[in-house]
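These values consider heavy atoms only, across backbone and side chains, with no hydrogens, waters or symmetry-generated copies. This structure is a prediction, so every number in the text was calculated from the model and none was measured. For this chain, numbers begin at 1 and follow the sequence in order.
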Amino acid sequence: MSNFKYYAGRGNLACTIFVPYDCNNHCPFCTSKHMYKHMDVDLQQLLQWIEQINNCSAVTEFVITGGEPFADLETLKKIINVCNKTVFINTTLPLQDNLSEIIEYINTEDKIKGISISRHMNYKLPSIASKEQISQIIKPIRINSVVSNNELIIPFINEWKDVGLVNLRADYRKITFESLKIKDDVDDLLLSQYYYKGTNCCMVCNSEFFGLDDFTVCYHRGLELSSLQYGNKVYVNDVLIYPNGNIAYDWDKRTSDDFINALITNQIL
């Protein structure tokens with residue numbers, strides 16, 4: 001039997017919850033669409049794992065993603081009702097008949113501390129909330145876009161900088177350990193326009209912050225993994241609950257009896 005020790009790889013260790021239903025979009029860079037096509041769902045097991053993770057002090061927040069969390073508001077409410085930690089939501093904020101109800105729920109649910117909204121440069125999402133509708137949200141907003149065309153970066157920032165933090169994401173499929181921390185042409189572009197505000201210290205991603213006094217832009221690069229193993233030590237940067245209710249410590253769905261035992265006995269160090 002293996003004897004791994006599990007450590008929180010970052011101070012704000014999150015549990016990412018993939019909602020048990022897909023979205024209607026087909027973003028070419030999405031890493032979740034294939035999973036939803038080939039995975040059954042088990043809401044009850046998913047909720048049971050949230051209850052277990054509520055007792056894990058190393059996990060400080062839940063990130064709810066998909067799929068599309070707001071495609072089924074009532075199920076999303078069931079999930080958030082079980083969470084007893086801070087909640088952040090990743091969404092496209094689809095244009096639905098109940099959009100006003102969704103915005104009201106975001107604004108009044110105390111557990112929700114922020115919303116990340118996808119808006120992309122070269123790929124136009126169908127049937128999404130307008131900028132004016134997004135501006136009705138009073139919680140902190142992050143606007144996410146995968147970088148696809150450097151010429152569109154500054155116009156995109158100018159369009160969204162008055163709404164919230166603009167988060168530019170590199171295509172994860174193109175990031176390696178060697179390139180993760182090396183400045184690239186996007187860094188050069190941002191440095192030519194704004195001043196440098198700092199960086200983070202995550203082991204598997206690199207976030208750099210730029211901007212002026214009244215706004216901030218984040219350029220985020222990340223590996224397609226969320227844990228690192230050194231000998232018998234595993235540094236966990238994300239705990240994941242998949243739509244089928246299974247739990248893992250990396251994006252390739254890795255898990256083990258050791259990890260599950262460390263999680264349920266509150267022994268992630």
Please determine whether side-chain contact (heavy atoms from CB on, under 4.5 Å) holds for the pair Leu46 and Ile17, giving the CA-CA distance in whole Å, both sets of side-chain angles, and the decisive distance to 0.1 Å.
CA-CA 8 Å; Leu46 185 151; Ile17 303 167; 3.8 Å; yes

Can any side-chain N or O of Arg10 pair as donor or acceptor with the backbone N or O of Asn237 at less than 3.5 Å?
yes

Side chain to side chain donor-acceptor pair (under 3.5 Å) between Asp238 and Thr16: does it pass, once the steps are laid out?
CA-CA 7 Å; Asp238 202 359; Thr16 294; 2.9 Å; yes

Apply side chain to side chain donor-acceptor pair (under 3.5 Å) to Asn261 and list each qualifying residue two or more places apart in sequence or on a separate chain.
none

Face-on cation placement of Lys233 at Tyr6 ring, 6.0 Å and 45° thresholds:
no

Between Lys174 and Asp184, is there a side-chain N and carboxylate O pair less than 4.0 Å apart?
no

Ignoring hydrogens and geometry, is there a side-chain-to-backbone donor-acceptor pair from Gln193 to Leu190 under 3.5 Å?
no

One pair to check against side chain to side chain donor-acceptor pair (under 3.5 Å): Ser118 and Asn144. What are the steps and the verdict?
CA-CA 5 Å; Ser118 294; Asn144 288 317; 4.8 Å; no

Using a strict threshold of under 4.0 Å (side-chain N to carboxylate O), is an ion pair present between Lys131 and Asp162?
yes

Using the rule that Ile, Leu, Val, Met, Phe, Trp and Tyr join whenever any side-chain heavy atoms are under 4.5 Å apart, tell me whether Met35 and Val41 fall into a single cluster.
no

Test Ile89 against Val63 for side-chain contact (heavy atoms from CB on, under 4.5 Å), laying out the working first.
CA-CA 6 Å; Ile89 301 176; Val63 176; over 6 Å; no

Assess whether a salt bridge exists between Lys77 and Glu109, defined as any Lys/Arg side-chain N lying under 4.0 Å from an Asp/Glu carboxylate O.
no

Which residues share a side chain to side chain donor-acceptor pair (under 3.5 Å) with Asn150, sequence neighbours left out:
Asp185

Yes or no on ring-ring contact (aromatic ring centres under 6.0 Å, His included) for Trp49 and Phe62, after CA distance, side-chain angles and deciding distance?
CA-CA 12 Å; Trp49 267 119; Phe62 289 103; over 10 Å; no

Using 30° and 60° as the class boundaries, would you call the ring planes of Tyr235 and Tyr230 parallel, tilted or perpendicular?
perpendicular

Shared hydrophobic cluster, Phe259 / Phe4 (ILVMFWY, side-chain heavy atoms < 4.5 Å):
yes

Whether Lys113 engages the ring of Phe88 as a cation-pi pair (distance to the six-membered ring centre under 6.0 angstrom, angle to the ring normal within 45°) should be assessed.
no

Residue pair Ser100 / Gln133, side-chain heavy-atom distance below 4.5 Å:
no

Audit row: Asp188, Lys183, salt bridge (Lys or Arg N to Asp or Glu O under 4.0 Å) steps and yes/no
CA-CA 7 Å; Asp188 292 340; Lys183 295 191 182 304; over 6 Å; no

